[in-house]
Every structure is written in structure tokens, then in C-alpha cells.
Amino acid sequence: MKKQWRITVFLVLFAAVVGAVVWAVSAESAPKAKPTAQISVVLYGESAERWRSLSQGISQGCAELEIERPTFLTIPAAGGAAEQARVLRREVENGADALLVAAIADEELRTALAEIANEVPVVMLESGVAGVGTRVSADDAQMGRELAAGMAKNTEKAIVIRPAPLRDSVSDRITAFLDEAAAHGLATEIWDIDSRAASSAIASRLATGANGALMAPDNETLEAAVTALAETEQDAGQTTELYGMGQSDKAVSSLDHGAATEICFQNEYSVGYIGLMRLASSLGFNTHSYDEPIEFRLIRHENMYLPENERLLFPIIE
């Protein structure tokens, strides 16, 4: 009887040990649950086409982390900071776990974004708001300095087109540009314009005469200047050189067709990719810091088809 009891106990214990081992192995080999997050990307501009390269970088990061591709939203200039703030608040209230933001303005968004950044992680792309989140961008001041140094070799005076409202990235570029221009003896003049009617504002100033080369400190102002120059110079029969910062297909086309002399392009694919990865780190999906600097290049028509420049101007978009 005792022997039978011992056998029974042994079998029960053996079954328990085997069951525990099987469970442990199954748990180890079972597919891990994929990380999930609802991310919203809120950008400025009239069209998402302006951000194709950046959105491709974001999508690549999502694919590598196996997380869902974010929702992309663009806010036209006419909507202004108030509309972007409203959309950001709506996204958080609708369940967004984190935000990627290209700010339409600096000071006008500061209060709203500061409140939102206390609720969910926020990473700023290309342009940001002072004191809110972390910003992923090329070195704006260095871009401004290098553009000024280049212009100083080719012209005697630069007319800086300063859009309002002003983003922090644009402010940094202009400040550095003016300092470097002064160091090189390049004369400067500033045209203040309303970004919501940039093309017509620039055209009005051109109609009174432009004694110098134009410098557009961001993509939207560059596009507006290209349009204004095409309209006014056809009538006046004059030629005004255009330099600036750009990223869109229209900016590339202006360089290719000679409407712009030199444009500074930053690698917005990297801006999107690193921005997404930094945001993912704040959500606990990875541990890498992603502090790599963002590349930028000053490109002219003469060198735009060099392989290293083509990579920036004509990114492969799936």
C-alpha cells in the first residue's frame, strides 16, 4: 500500500514538473506581442506633398519597429497657429499616445504645445517651439552662415525675405545669415511679409525694384518667391537672383530650370526617421538616443546631378 502511494505521489510530482517545463518553453517560444502606439504627425503647409521625403523616413522607422504608420495631417498657413493648436488638442483627446509636430509658428503655439507636452511625448520636426520637446533638424544657424558665405562670393547685396509668423528654425537661419553676411561685407536688406500672402507681397516689393539678390529662408517663402519672380520679371524684363532654403519638388524644379541660383537642402528623410525613433524611445520601444546630426547641402544647377546631391533632391519614394 505504501509502495503504491509512493508511486502515485511520484507520478503526480513528475506530471507537475513536466507541465511546468512545457509551459515555460511554450511561453518562451510564443510570439511576443508587438508594441502598439497611436502616433499623430501634425505638419504645416498647403499639401502633404511638401513632406513626402520626411513622411517616408517616418514610415521606414515604423516598419523597422513594426508599429502602425501614423496619421498625417497638414495645416495651411491660412489656418495659422490657432488651427494647429486645435488639431493637436483634438488628436490627444482622440487617443494619440505621442505627437510629431512641425510647428507653424513659435510664440503663438508655445502655451498650447507646452500643455500638450505635459500629457504625451512630443518631438518637433524641422521647426519647433522654444522649451517644448526635442527638435530634429539640420543645424539652422550653420545653414544660414554657409548660404551667406556663398552669396558673398557672387553678389554685393542680399535681400532677406522674412515671413511672419516666424518659426524658430527660420529665425535661427536669418540671424546667423545676417551675422555672417556682415562678416563678409555683404550688404543686406530685410523685406517683412505675411506668409499667408507671400507671393503677392513679394511681387509688390519686386515691382518697386530689387537692388540685390533675394534670400528666402524657408521652403514656403522660396516657392512664393519663384512664383513672384516669374510673374514680375516677365513683365519687367529683368533678372533677380534667388537663393534660399528649400525641400519641395517645386524648389528642385526651380533649381533645375534656373529660377533659383543656389538652395540649401536638408535631409528630411533623416529628419522623419530620427524623429520617429526618438519618439519611439520616449514610448519605450527602443533605447538608442538617435543623436546623429542631420545632413544638409548647398546645391546649384551645376552640381545638382552629382550622386551625393541627387540623393537629397530625388529621394526614392515608395
Side-chain angles (χ1 to χ4, degrees), residues 37-48 50-51 54-55 57-58 70-141 143-144 161-176 192-198 201 216-224 245 247-248 266 268 271-272 274-276 278-279 282-283 294:
Q38 183 177 330
I39 299 172
S40 291
V41 183
V42 183
L43 311 168
Y44 64 84
E46 304 300 320
S47 169
R50 151 71 178 87
W51 301 99
L54 179 138
S55 64
I58 292 173
T71 299
F72 286 82
L73 302 165
T74 54
I75 309 301
E83 176 63 11
Q84 190 169 38
R86 186 190 69 79
V87 170
L88 289 167
R89 170 53 60 190
R90 183 194 67 195
E91 291 302 298
V92 173
E93 291 176 352
N94 286 345
D97 299 304
L99 298 170
L100 290 169
V101 183
I104 201 169
D106 184 354
E107 294 183 7
E108 294 86 343
L109 271 175
R110 190 169 299 164
T111 300
L113 259 178
E115 292 176 356
I116 290 172
N118 286 328
E119 301 173 37
V120 298
V122 176
V123 170
M124 310 302 297
L125 304 175
E126 191 265 342
S127 62
V129 170
V132 177
T134 178
R135 177 159 71 96
V136 181
S137 173
D139 187 330
D140 290 297
M143 286 195 287
I161 306 171
R162 184 166 59 190
L166 198 61
R167 300 190 302 279
D168 64 346
S169 57
V170 177
S171 178
D172 290 347
R173 294 168 189 173
I174 291 175
T175 299
D192 287 307
I193 64 165
D194 185 341
S195 62
R196 293 169 296 183
D218 66 354
N219 188 80
E220 286 63 39
T221 307
L222 182 80
E223 289 190 0
M245 317 285 179
Q247 202 62 47
S248 65
Q266 67 173 313
E268 284 200 344
V271 172
I274 291 176
L276 186 280
R278 284 191 189 176
L279 196 67
S282 68
L283 294 169
I294 303 297

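Only a predicted model underlies this, so the values are computations on that prediction, with no experimental measurement involved.
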Open item on the list: Just verifying a value: how many Å separate Glu91 CD and Asp97 CG, rounded to the nearest 0.5 Å?
Closed with: 11.5 Å
TODO: Could you pull out the closest heavy-atom pair between Ala103 and Gly128, with the gap in Å?
DONE: CB-O, 3.8 Å
- [ ] Provide the closest heavy-atom pair for Ile58 versus Pro70 in the form atom of the first, atom of the second, distance.
- [x] CG2-CG, 3.8 Å
Task: Residues in salt bridge (Lys or Arg N to Asp or Glu O under 4.0 Å) contact with Arg173, at least two apart in sequence or another chain - done: Glu126, Asp140
Task: Straight-line distance of Leu279 CG to Ile39 CD1, nearest 0.5 Å - done: 5.0 Å
Side chains of residues 104-117: which donor-acceptor partners sit under 3.5 Å, not counting sequence neighbours?
unit_1: Asp106; atom_1: OD1; unit_2: Arg110; atom_2: NH2; d: 3.0
unit_1: Asp106; atom_1: OD1; unit_2: Ala130; atom_2: N; d: 3.3

TODO: Run through Ile274, Val101, Val271 and flag the one making a side-chain contact (heavy atoms from CB on, under 4.5 Å) with Leu125.
DONE: Val271
Open item on the list: Please determine whether the number of non-hydrogen atoms from other residues, nucleotides or ligands lying under 6.0 Å from atom CZ of Arg196 exceeds 12.
Closed with: no
Task: Carboxylate-amine/guanidinium proximity below 4.0 Å for Arg90 and Glu93 - done: no
Task: CE on Met124 to OG1 on Thr134, rounded to 0.5 Å - done: 10.0 Å
TODO: Kindly give the heavy-atom pair with the smallest separation between Gln266 and Ala138, and that separation in Å.
DONE: OE1-N, 2.9 Å
Task: Atom pair CH2/CG of Trp51 and Asn219 - distance to nearest 0.5 Å - done: 8.0 Å
Task: CE on Met245 to CD on Glu220, rounded to 0.5 Å - done: 13.0 Å
Open item on the list: I'd like to check Asp218 versus Ser169 (side-chain heavy atoms, cut-off strictly below 4.5 Å). Are they in contact?
Closed with: no
TODO: Would you give the length of the straight line joining atom CD of Glu46 to atom CD1 of Ile75, rounded to the nearest 0.5 angstrom?
DONE: 10.5 Å
Open item on the list: Just so I know, are the side chains of Ser137 and Ser127 near enough to count as touching, which here means a heavy-atom distance under 4.5 Å?
Closed with: no
Task: Polar side-chain atom of Thr74 near backbone of Tyr44 as donor-acceptor pair, under 3.5 Å - done: no
Open item on the list: Between Met143 and Asp139, is the side chain to side chain contact (heavy atoms under 4.5 Å, CB included) condition met? List the steps.
Closed with: CA-CA 6 Å; Met143 286 195 287; Asp139 187 330; 5.8 Å; no
Task: Which atom of Leu100 lies closest to which atom of Gly275, heavy atoms considered - done: CD2-O, 3.5 Å
Task: Where Ser171 and Leu166 come nearest, the two heavy atoms and their spacing - done: CB-CD2, 3.8 Å
Task: Phe72 versus Ser55, closest heavy-atom pair with distance - done: CE2-CB, 3.5 Å
